[in-house]
Structure formats: C-alpha cells, structure tokens
Amino acid sequence: MARFPPSHGVHQPPISTRDAEDPALHIYNHGVHRDAFLSLLDVNLPAELWRLIAQVPRGCVTTYGALADALGDRVAARWVGELLMDHAHDVDCPCHRVVRRNGEPGLYIAGGAAAKLSRLASEGIPIEHGRASLERHFAGFQSAAPLRGLKEFQQQVPARLDLRCFDGTVRRIAALDMAYVSSSTAVAVGVIADATSLETMSTLTITSPVMFPYISGYLAFRELPALLSLWKQMQSAAPAADVVLIDGNGSLHPRRAGIAACFGLLTDVPTIGIGKSLLCGRVDVAGLRVGDTRPVIDRDELIGLAVKSADRSRPIFVSAGNYVDIPQAAQLVQRMFAGHRLPEPLHQADRLTKQRVRELRMPSSS
DNA sequence: GCGACAG
DNA sequence: ATCTTGTCGC
C-alpha cells in the first residue's frame, strides 16, 4: 500500500497549534474560504469589460493593455483581444477603438485591420503609416478592477494551506479533469483509482456552465466551480479518496495559488497539481530521463518539479496543493505512471473527458 | 525583434 | 483548452 514518507525525515507534530483547540474550527475556516471564493465569482468579467469599452468616447482610442489594467491585471490583455474577436458585433459596436500600444490596429472582427483604421479615421483619429495616433487615448476608466480582488484572494491562499506533510496511507486516488463542449459549457470528470493497482474503481461525469474566461493565472476562477460541484457529487457516489490529482498547478503559480492549491483549501483534502506546460518559473529539462525530476525555481523558491514520466513525452510539472509538499507530491505521482505521460488516474480522466465531449458534439446525442 | 502566459 | 490530415515511428 502506498504510504507518504515524511520527505525530509522530520516528523511534524500530530496536531498543529492552529486547530488544536477545536477541530471544527478547521471546517469553519474552510467554509469561510469557500464562501469568500464563491462571492468573488459573482463578477461578470465580460460585462465589466464591455462597460469599460463603452467608456471610450468617440474620437478617442484605448489599448488592450490599458483595458486589462482597468480590469485589475495587465495579464488579461490577451483575453481582451480574444473577446474583441468573438462577440456579438453590430454597427454601433465601439470595439474598433481598442488598438495596440504602438498604434497598430490589431485584429478587427468586422473587415480586418484596414476597416478598423478607416473607422478610426472617420472618427477623427489621425492615421499614419498604418498606425493610429495615440495622441487622444482615453485613460479615465471608472472600474472596480475585479481582477485585483481575485488576485488578493490568491495572495492569501499560501498562508492558509496546511504545510504539514500528509502522513496517512494512500489507498485511493482521485483525478479530476475538464474539457470544453463550447466556450461556455464544460465537461468535468472525476476518476477514483486504486493506489496500488492503479485500476479505475469508479468515474463520474458532469457538464457544467462556465462563466469566467481563461486568463493566465486565474484558471481556478474558471474551473473550480465545476470541479467543486463534481467533487460534491463524488462524495455521495464514490468511495473517498486519500489524495486528489488536479489537471493544473498548485504551488507552481505566480502567487503559489494555482487551482490545485485552491481546490485543496476549499475542500480540505490533500491535492497535487499536474501541469502539462510551464506556467512560471525556470527549469532545465535538458537530458531528462524517465524517472528524473528537475526543480522549477521562481524568485529563488522551489515551486514545483518537472518529472519525466514516459520515453517520448515532454515532462509534466508536479506541484503541491494542500497537505503535501513538493517532493512528496512528486514521489507519489511517480508511483502512478503506467506508460503514459500523465499519472494513470489523470490519464483516464482525460480520456473520459474528451470522449464525453465528442459524444455531446454529435448532433444525434441530443 | 524577442520573450511569453496552467486550461 | 480548441481548430484539425496525414504521417512518422514503435
């Protein structure tokens, strides 16, 4: 039976001072975190962005980055561009007033860059060498900067995780994964597997509406609602798991608050983050052989481990969620490989998730 | 021009 | 994540 060894040989006290008095306080705190998280989800980010774009007056321009800043984080600039290329456009739409920082028009949903520039010209914006003048750029956004609040929540996460190494026996592993039927509908799959044989014991599949866009660093706000709903249903339908693998990072995150960390905080279960590409930090994967690991370092801190899981596969990135540390997470995951790039339970969840998406996309499946 | 961002 | 055919290699 798989067992977590204390990875540094240091035995932690069985009960931390934080919850020594009252085990229920633990539950209470997680309820508070869950409520705080859920209230943050009330924000309608696309609506907020349109509210901002509508503030740009005729005869003025703004930039993708300025809008992202007004939302609360410059990293959202890419999503701003995505939304402007995928929305219900009409002749009154002001989306042509958003240009690149250097005056290049960027993409335009209705007729391409040339059409965008001519619309700007017709509003009195000087155009030179194919670029819009930024002379009259609007900078007075009235905004609640919703991403700032989400970022502040993330900044509180690391201190609220339990840093003690998990030292229980791992009999069952849960693995959670998602895929998308459309931009607003996701399929989420949970797999429970035996930790020794890696055989799948049970699976649960749900579909769930997704409101929040994908923005790098904010994945949890997009995918956690569905995963929490899935998890809740798994509690009554499946045998309990001792550790949960999540498709996405935990500590390997700019604020050490990836989706696996948030899930572990909100559900109070041991979690491990599994990423397929590097979100942040630096790592040298040259010459990695199956079974090898390499540290992922960010700001002089170990935030995850690159793990070579299979021969002709790129490494995966393992990081800590709740109740595990990084070396321990990697040790455990390395016992779950069965010839695929992903640990077997997550590989199965990934298969099922994509299978279900295919089924739902077939017109005949009603 | 380059780097660069989980899913 | 998704858009997508054949093709290379075990």
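Proteins come first, then strands; the chains are lettered A, B, ... in the order of their sequence lines, and each starts at number 1.
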- Expressed in angstrom and rounded to an integer, what is the separation of A:Leu147 atom CG from B:dC5 atom P? 19 Å
- Task: Quickly work out the A:Asp177 CG to B:dA6 C1' distance and round it to whole Å.
- Result: 12 Å
- Query: Rounded to whole angstrom units, what separation is found between the CZ atom of A:Arg78 and the P atom of B:dA4?
  - Reply: 12 Å
- Report which part of the nucleic acid A:Tyr180 touches: base, sugar-phosphate, or nothing (heavy-atom distance under 4.0 Å, all strands). sugar-phosphate
- Query: Once you round it to whole Å, what is the distance between C1' of C:dT2 and CG of A:Asp247?
  - Reply: 14 Å
- Item | N or O in side chain of A:Arg74 less than 4.0 angstrom from B:dA4 OP1/OP2 | no
- Message: Does A:Gly217 reach a base, just sugar-phosphate, or nothing at all? Heavy atoms under 4.0 Å.
- Response: base
- Here the distance between atom C1' of B:dG1 and atom CG of A:Asn102, to the nearest Å, is 13 Å
- With the side chain defined as heavy atoms from C-beta on, A:Glu223 is closest, among C:dA1, B:dG7, B:dC5, to B:dG7
- Would you say the side-chain atoms of A:Gln348 and A:Arg351 include a donor-acceptor pair closer than 3.5 Å? yes
- Query: Where the side chain of A:Lys354 is defined as all heavy atoms beyond and including C-beta, which of B:dG7, C:dT2, B:dA6 is the nearest nucleotide?
  - Reply: C:dT2
- Query: From the list C:dA1, C:dC3, B:dA6, which nucleotide is the closest neighbour of the side chain of A:Lys276?
  - Reply: C:dA1
- In whole Å, what is the span from the CH2 atom of A:Trp79 to the P atom of B:dA6? 17 Å
- Item | Interatomic distance where CG belongs to A:Asn249 and P belongs to B:dC5 [whole Å] | 12 Å
- Indicate, with yes or no, if the rings of A:Tyr218 and A:Phe212 have centres closer together than 6.0 Å. no
- Message: What's A:Gly275 touching, base or sugar-phosphate or nothing? Going by heavy atoms closer than 4.0 Å.
- Response: sugar-phosphate
- Message: Strictly below 4.0 Å, N to O, side chains only: are A:Lys276 and A:Asp247 in salt-bridge contact?
- Response: yes
- Task: Output the single nucleotide from B:dG7, C:dT2, B:dC5 whose closest atom is nearest the side chain of A:Arg222.
- Result: B:dG7
- Item | Rounded distance (Å) that lies between atom P of C:dT2 and atom CZ of A:Arg358 | 11 Å
- Could you tell me whether A:Leu278 contacts a base, only the sugar-phosphate backbone, or nothing, with contacts defined as non-hydrogen atoms closer than 4.0 Å? sugar-phosphate
- Query: Using the ring of each side chain (for Trp, its six-membered ring), is A:His340 parallel, tilted or perpendicular to A:His347, with breaks at 30° and 60°?
  - Reply: parallel
- Message: By the 4.0 Å heavy-atom rule, please label A:Tyr218 as base, sugar-phosphate, or nothing.
- Response: base
- Item | Closest contact, heavy atoms only, A:Ser229 versus A:Ile206 | OG-CD1, 3.9 Å
